[in-house]
Amino acid sequence: MAKPAELNPDSPALEVKTPPTSRETSKLAGPVTWVDDRIGLAKLAGNIRKVFPDHWSFLLGEIALYSFIILLLTGVFLTIWFKPSMAEIEYAGSYALLRDVRMSEAFASTLNISFDIRGGLLVRQIHHWAAMLFVAAMTAHMLRVFFTGAFRKPRELNWIIGVGLFSMGLVEGFAGYSLPDDLLSGTGLRFVDGLIRSIPLIGTWAEFFVFGGEFPGTLIIPRLYMVHILLIPGLLLGLISAHMALLVYHKHTHWPGPGRTNRNIQGYPFFPIYVAKAGGFFFIVFGVTVLMGAVFQINPVWLYGPYNPSQVTAGSQPDWYMGFVEGAIRIMPNWEWHLGHTTWSWNVFLPGVGLMGLLFTGLALYPFIEAWITGDTSEHHLLDRPRNAPVRTGIGVAGMACYAMFWLAGGNDILATQFHVSLNAVTYFMRVAVFVVPVLAFIVTKRICLSLQRADKERVLHGSESNIIVRNPEGGFSEAHVPLSQEEAYTLTRHPQPKALVPNGVKVGRVRQTLSRWYADGQVPKPTAAEVAEAEHHGAIEGGEGDERVLEGSDSGDAH
Amino acid sequence: MSDKELDLPVPDPGLEEHPPRFTDVDPAAADRSYRQIVAMLAAVPVLVIAFLVVYFAVPRDAELILFGSTFKMQTTLLGLTAGFATLLIGIAAIAWARSLMSDEEIVGERHGAASPPEARERVLADLEIGIDASAIRRRKLLGTGMAGALGMMLLPAVVSLADLGPWPTAEERAKTIEKTIWAEGVRLVTDVTNVPLKATDLVVGQLVNAQPENLEHLEDSAEYQIAKAKASIIVVRMDPNSIKIPESRRDWQVDGILCYSKICTHVGCPISLWEQQTHHLLCPCHQSTFDLGNSGVVVFGPAARSLPQLPITTDAQGYLVARGDFTVPVGPSFFERDSLKDFQEGDR
Ligand code: HEM
Ligand code: FES
């Protein structure tokens with residue numbers, strides 16, 4: 001009999017949850033048996049009561065997944081009318097302001113979808129908003145994975161798949177942005193043409209091969225269309241499936257807490273709780289993007305007009321996720337080599353192809369670099385609170401700061417007019433800022449992490465503030481403290497702390513040792529069991545001697 | 001670090017007790033949220049009908065003024081009805097999960113990602129058996145041969161992409177990216193309106209966007225955008241006494257009327273922002289700035305090369321015409337470009 005809970009007899013969930021006993025046999029037995037006889041459904045379905053932990057930050061990946069599904073659905077609708085052709089025609093549709101204007105069929109069909117197909121504009125706008133959300137959610141999700149250390153063993157491969165998804169997401173977005181062949185998208189393509197050309201040695205060949213000859217030619221839009229609706233979505237689908245399969249195999253990480261260890265997982269069962277929660281969340285994300293498509297205009301191509309290589313709208317900006325490349329291109333010094341009869345265009349190659357290459361390579365390698373520095377080879381299923389890995393958190397914030405500086409540089413003209421300073425000044429400032437701000441960000445972040453560690457320790461040893469002010473016999477005032485629950489004290493103290501590598505037996509190179517010392521440096525040692533016991537002992541009189549309390553608990557463990 | 005090595009100053013208290021929800025203890029609360037969820041679901045059909053009404057009844061061009069901005073009525077109403085319907089389904093499902101489904105957390109066990117050692121051993125042993133059975137150990141050329149053969153098959157796969165585009169050989173480049181449709185005697189006509197320009201049409205300080213007269217003939221061909229992407233120019237008149245004209249370019253201009261490529265030497269945006277006083281031309285894309293009063297040299301920004309200048313003169317009727325094509329390729333750099341010929345500060 002195929003009652004749901006009997007699907008996987010090895011399931012640990014069974015020990016806790018038993019199927020309803022009131023019914024003799026499930027009403028579903030018939031259909032389930034029918035399918036199972038043919039395709040072994042019960043084996044395929046595995047454990048439908050699989051446990052998933054709950055936390056808001058775990059929703060970010062879900063948002064990325066759902067916006068991808070929304071993109072697939074709305075994208076299919078758009079393909080019904082979109083014509084990926086660069087043949088020039090005279091527009092004869094219902095948007096009066098562009099009537100009789102020469103434009104490519106791609107642009108004309110975009111106008112057609114926007115003005116003559118009911119719901120067409122809505123779907124175009126949903127598609128574009130969903131694309132923005134997709135990249136934003138992916139980025140946020142990646143940051144949460146980074147800052148919590150969820151990329152550590154055994155999840156490094158899933159992190160790499162994630163980096164692949166992220167990079168392809170950007171390309172997919174760019175390809176889509178180029179399709180309508182409006183003034184902005186043409187300007188973006190011109191930019192890419194310049195980027196491709198700048199590659200040393202093979203740039204011109206790459207340009208001719210990508211564009212089928214000179215820019216713009218007539219092939220690039222049909223080619224990008226293939227890339228946008230077949231090649232990259234196919235790759236994304238494949239990688240997302242692998243990403244999800246690995247997620248199920250590894251089981252989701254969870255936050256430290258009472259009863260949670262590296263060997264167990266606590267949360268709600270997939271069926272029915274997550275079917276409802278995740279399914280419901282899909283509809284919420286979908287609903288929100290539809291509402292955005294309904295009320296917020298996005299990419300009104302009819303206002304830009306068709307692509308014209310002799311025109312540009314002032315202040316034309318790419319979609320936000322390309323802003324960092326735009327900024328790098330803007331602030332790069334104009335280095336170019338003219339060697340013999342050749343031109344080496346570092347001013348375009350380095351900030352364009354170079355920077356993107358650096359970003360994705362750096363991201364992909366990070367888990368391995370960190371593991372090499374820490375010498376950590378064990379499996380991790382409990383997440384780190386960012387403060388407990390101060391150097392990693394510092395590196396992450398430094399990376400974000402660097403990205404932010406490049407991104408801001410992409411609006412250097414806007415900054416200049418907003419702050420009434422010269423464009424030159426903004427540009428020189430940004431050239432320095434992209435290097436200096438990350439260093440400052442690292443230092444500040446690490447300090448904040450360490451003081452948070454100190455605050456945690458303080459809390460464990462002295463309890464939380466009770467909001468009750470006590471006056472002692474000498475007339476001093478102090479705030480009474482209540483001891484923490486064991487649950488909270490445990491949660492605040494169970495984390496491992498990074499330790500410098502000590503070469504016992506194995507040889508550890510100089511660089512590696514220095515790095516590992518740097519990685520572990522400055523940690524506020526966790527309270528020891530003895531300190532905790534001592535503090536508990538004092539707990540009763542804590543309120544009375546509160547005024548003597550040294551607020552910044554020092555490393556020596558200052559339990560009075 | 002495995003759990004054993006971890007020092008735990010505070011012992012693990014074990015899983016927290018599960019607190020019952022409001023809806024678990026108060027049947028009235030449970031009924032209330034049941035009613036709310038059903039009401040949300042019941043609103044969906046209403047919204048769907050509204051969607052259909054909008055789809056068939058609201059004309060395409062009707063407009064809607066809300067909070068002072070104009071919306072396309074059909075788009076907005078379709079979106080609002082469909083959006084809220086979708087949202088309600090989502091909210092109802094989550095409310096159901098949160099308030100009415102059992103919220104007892106359960107615990108599962110984790111196993112290491114690695115297979116048990118026996119399984120690993122077995123796979124290794126099977127691999128060995130398989131390799132032995134394949135005879136590849138004794139007849140080594142089988143392996144090498146197969147790998148080589150498969151490797152060779154990459155060649156046809158890669159080589160068949162060689163027709164992705166024409167090959168930019170020296171000859172091909174000379175016909176394409178190193179050339180524009182400008183030629184001796186081609187008139188300068190205004191962009192968009194195609195009116196031929198006379199020297200007298202321009203006053204000092206004025207800048208005009210122009211195209212070659214012969215561009216119009218390409219209008220129906222695929223060459224049109226390609227030609228325009230290279231041939232677009234700006235014509236500017238400056239006071240000859242206030243600018244530097246090098247000896248070699250004396251006869252490239254007509255009474256202080258100079259003509260430059262409009263295509264930025266950085267990544268190819270059409271340049272447009274003209275500062276009359278300084279004779280600077282600023283590219284809106286990344287703010288490279290060129291000095292048109294000094295043969296187009298770069299004064300600021302990421303561009304590395306001067307803006308190519310087009311030599312012009314007047315024809316018998318007094319119209320401005322080109323004296324030939326640009327002397328260097330226009331637009332962004334490419335590897336094979338011979339950039340020693342571009343104008344540099346200090347050239348004569
Ligand atoms: C198409 C884009 C992506 C989709 C649809 C997606 C989806 C998801 C989902 C639904 C989860 C489980 C929930 C969660 O932890 O948030 C997840 C987990 C994960 N993702 Fe992604 N993701 C995407 C991109 C990325 C990127 C860019 C990275 C990192 C570079 C990444 C790395 C990971 C890792 C390591 C996990 C396991 C996390 C854990 O178990 O704690 N993913 N992904
Ligand atoms: S294209 Fe002109 S500055 Fe970049």
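It should be emphasised that the depicted structure is a prediction, and the values quoted were computed from it without experimental measurement. Quick note on labels: first sequence line is chain A, next is B, and so on, each numbered from 1.
Among the candidates B:I271, B:D61, B:L80, B:T75, the residue making the largest number of heavy-atom pairs closer than 4.5 Å to chain A is B:T75. Contact count versus chain A (heavy atoms, under 4.5 Å) is highest, among B:A222, B:S272, B:A97, B:A303, for B:A303. Of all the listed residues (B:S232, B:G301, B:P11), the one sharing the greatest number of non-hydrogen pairs under 4.5 Å with chain A is B:P11.
Contact of B:F56 with chain A is made through backbone and side chain together, with heavy-atom distances under 4.5 Å. Looking at A:F209, the atoms closer than 4.5 Å to chain B (heavy atoms on both sides) sit in the backbone and in the side chain alike. Interface remark: B:F71 contributes side-chain atoms only to the contact with chain A (heavy atom separation under 4.5 Å). Both the backbone and the side chain of B:T76 have a heavy atom closer than 4.5 Å to some heavy atom of chain A. At a 4.5 Å heavy-atom cutoff, the contact between A:S310 and chain B is made by backbone and side-chain atoms alike. B:A82 touches chain A through backbone and side chain together, each having a heavy atom under 4.5 Å away. If you measure heavy-atom distances from B:D12 to chain A, the contacts under 4.5 Å come from both the backbone and the side chain. When heavy atoms are compared at a cutoff of 4.5 Å, B:Q74 approaches chain A solely by way of its side chain, counted from C-beta outward. Only the side chain of B:E172 comes within contact range of chain A, with at least one heavy atom under 4.5 Å from a heavy atom of that chain. Looking at B:D103, the atoms closer than 4.5 Å to chain A (heavy atoms on both sides) sit in the backbone and in the side chain alike. In this structure, the portion of B:K262 lying under 4.5 Å from any heavy atom of chain A is its side chain and not its backbone.
Aromatic ring centroids of B:H286 and A:F191 lie under 6.0 Å apart. In this structure, B:W167 has its ring center no closer than 6.0 Å to that of A:F208.
No cation-pi contact links B:R60 to A:F115, judged by a cut-off of 6.0 Å to the six-membered ring centre and 45° from its axis.
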